[in-house]
Amino acid sequence: MENSNRKDAIVAGVSLIIMALAAGYAYGYVQSSLVVVGNPAATLTNLNNATGLFGSGVIGWCIILITDLLVAWSLYRFFAHVDAKISFATGLVRAVYSVILAFAIFHLGGVWQMLFSANQDAVALMNLVAGFEKYWSLGLILFGVHLLGLGYLSLKSNTVPKWMGWSLYVAGLSYMAIHAAKAMAPQAADAVSMAEMILGAPMAIAELALAVWLVWKGGKRKRQLPGQGHPMQFAS
């Protein structure tokens with residue numbers, strides 16, 4: 001039991017850390033440096049001048065997709081003994097989010113293909129980039145639901161720190177509210193961007209904190225104090 005639970009914790013934790021690094025590179029660096037919002041011509045020029053960089057960003061998104069699926073499966077297994085039905089539903093929601101993410105990444109594949117086309121259309125290219133942003137954002141609403149499930153499982157667990165469970169709740173509600181607002185109230189883009197900037201840190205820290213905890217302590221056997229006669233307990 002310990003070895004299996006510990007393995008699931010490490011797979012989930014390491015995958016989450018790899019995902020965070022890949023997202024920081026693919027979106028935080030590559031996409032933000034090449035895509036000029038509202039300027040298709042400048043974006044096309046940037047992409048033509050840095051096709052290798054853009055390609056590495058697409059690879060980064062593929063890594064994110066793979067690690068997302070690993071996280072969905074390993075966290076389901078890790079929390080299954082806490083509440084099997086909720087753990088399965090939580091993992092399934094993340095798997096569905098991953099399918100939406102894959103569809104979003106498909107749009108970036110279209111951008112990559114267009115860069116090697118003889119007839120390049122800056123507006124069509126920008127529409128593909130916008131399609132990626134749109135579908136990824138819609139998927140992040142489901143991602144927020146997934147975090148709510150993790151928050152519930154963490155609070156119900158006897159070993160995950162309670163503050164971590166509450167932080168996952170906050171992050172989940174933040175993802176849902178921000179990306180639902182992006183979809184339903186595009187006219188409030190400035191207000192939504194401000195809210196995203198304010199809530200960005202707690203949204204990112206919640207899952208990253210869980211990742212570090214999983215690698216550090218998840219699934220480890222609790223030490224038995226001298227004089228205790230009860231059996232060893234295990235972390236979730």
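It should be emphasised that the depicted structure is a prediction, and the values quoted were computed from it without experimental measurement.
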| Should Phe88 and Leu147 be regarded as members of a common hydrophobic cluster, given that ILVMFWY residues are connected when their side-chain heavy atoms come within less than 4.5 Å of each other, either directly or indirectly? | no

| task | Keeping the roles fixed (side chain from Ser87, backbone from Tyr76), state whether a donor-acceptor pair exists under 3.5 Å. | result | yes

| CG-OG distance between Asn5 and Ser74, expressed to the nearest 0.5 angstrom | 11.0 Å

| field | Geometric class of the His107/Phe103 ring pair [parallel <30°, tilted 30-60°, perpendicular >60°] | value | perpendicular

| said: Would Ser15 and Val11 count as a side chain to side chain contact (heavy atoms under 4.5 Å, CB included) here? Give the steps. | reply: CA-CA 6 Å; Ser15 295; Val11 170; 4.1 Å; yes

| task | Determine whether Phe78 and Arg6 make a side-chain contact, defined as any pair of heavy atoms from C-beta on separated by less than 4.5 Å. | result | no

| Between Leu16 and Thr67, is any pair of side-chain heavy atoms under 4.5 Å apart? | no

| message | Can a donor-acceptor pair be found, under 3.5 Å and without considering hydrogens, that links the side chain of Ser137 to the backbone of Lys134? | response | no

| CG-CZ distance between Asn49 and Phe54, expressed to the nearest 0.5 angstrom | 14.0 Å

| request: Decide side chain to side chain contact (heavy atoms under 4.5 Å, CB included) for Phe143 and Trp136; before the verdict, give the C-alpha distance in whole Å, the side-chain angles of both, and the deciding distance to 0.1 Å. | output: CA-CA 10 Å; Phe143 182 75; Trp136 181 40; over 6 Å; no

| task | With the side chain counted from C-beta on, respond yes when Leu53 and Leu34 share a heavy-atom pair under 4.5 Å apart, and no when they do not. | result | yes

| task | Among Ile198, Ile141, Leu173, Leu199, find the residue that satisfies the side-chain contact (heavy atoms from CB on, under 4.5 Å) test when tested with Ile178. | result | Leu199

| Quick one: does Val129's side chain get under 4.5 Å of Phe132's, heavy atoms only? | no

| task | Inspect the contact between Lys182 and Glu133 and indicate whether a charged nitrogen and a carboxylate oxygen are less than 4.0 angstrom apart. | result | no

| Counting only heavy atoms not in Lys85, do more than 12 fall under 6.0 Å of its NZ? | no

| message | Quick check: do Leu138 and His179 have side-chain heavy atoms less than 4.5 Å from each other? | response | no

| query | Leu208 and Tyr175: same hydrophobic cluster, using ILVMFWY side-chain contacts below 4.5 Å? | reply | no

| field | OG-OH distance between Ser154 and Tyr169, expressed to the nearest 0.5 angstrom | value | 9.0 Å

| Heavy-atom closest pair, residues Ala122 and Pro40 | O-CB, 3.5 Å

| request: Look up atom CD1 in Ile66 and atom OG in Ser98, then write down how far apart they are to the nearest 0.5 Å. | output: 11.0 Å

| Side-chain contact, heavy-atom cut-off 4.5 Å: Phe106 with Tyr135? | no

| Tyr29 atom OH: more than 12 heavy-atom contacts under 6.0 Å | no

| said: Working to the nearest 0.5 angstrom, can you tell me the gap between Leu44 CG and Asn39 CG? | reply: 10.5 Å

| Are Met19 and Tyr27 joined in one hydrophobic group, where the rule is that I, L, V, M, F, W and Y side chains link up if heavy atoms are under 4.5 Å apart? | yes

| Which heavy atom of Ala102 sits nearest a heavy atom of Leu65, and at what distance? | CB-CD2, 3.8 Å

| remark: Heavy-atom nearest pair, Ala26 first then Val30, reads O-CB, 3.5 Å

| message | Taking atom CD as the centre, does Gln113 end up with more than 12 heavy-atom neighbours from other residues, nucleotides or ligands that are less than 6.0 angstrom away? | response | no

| query | Looking at Ala42 and Val36, what are the two nearest heavy atoms and their distance? | reply | CB-CG2, 4.0 Å

| Of the non-hydrogen atoms in Ala72 and Ala95, which two are nearest, and what is the gap between them? | CB-N, 4.2 Å

| field | Check: Tyr97 ring centroid to His146 ring centroid under 6.0 Å | value | no

| query | Could you walk me through whether Val35 and Asn46 pass the side chain to side chain contact (heavy atoms under 4.5 Å, CB included) check? | reply | CA-CA 7 Å; Val35 175; Asn46 288 344; over 6 Å; no

| Is there a donor-acceptor contact under 3.5 Å linking the side chains of Tyr25 and Ser56? | yes

| said: Looking at Asn48, is its backbone amide N or carbonyl O close enough to the side chain of Thr51 to form a donor-acceptor pair, meaning the two atoms are under 3.5 Å apart? | reply: no

| task | Give a yes or no answer on whether the side chain of Gln120 reaches the backbone of Leu115 with a donor-acceptor pair at less than 3.5 Å. | result | yes

| message | Hydrophobic clustering (ILVMFWY, side-chain heavy atoms < 4.5 Å, transitive) - are Val212 and Leu70 grouped together? | response | no

| query | Would a 4.5 Å heavy-atom cut-off, applied to side chains only, mark Arg77 and Leu75 as touching? | reply | no

| request: Report yes or no: does Thr90 contribute a side-chain atom to a donor-acceptor pair with the main-chain N or O of Ile86 at less than 3.5 Å? | output: yes

| Does one hydrophobic cluster hold both Val99 and Ile64, with members joined at side-chain heavy-atom distances below 4.5 Å? | no

| query | Does the pair Leu125 and Leu47 meet the rule for a side chain to side chain contact (heavy atoms under 4.5 Å, CB included), with working shown? | reply | CA-CA 10 Å; Leu125 180 143; Leu47 292 173; 3.5 Å; yes

| Atom pair CD1 (Ile105) and CD1 (Ile59), whose distance is rounded to the nearest 0.5 Å | 12.0 Å

| Smallest separation among heavy atoms of Ala171 and Ala206, with atom names | CB-CB, 3.7 Å

| query | Do the non-hydrogen side-chain atoms of Arg94 and Trp73 ever get within less than 4.5 Å of each other? | reply | no

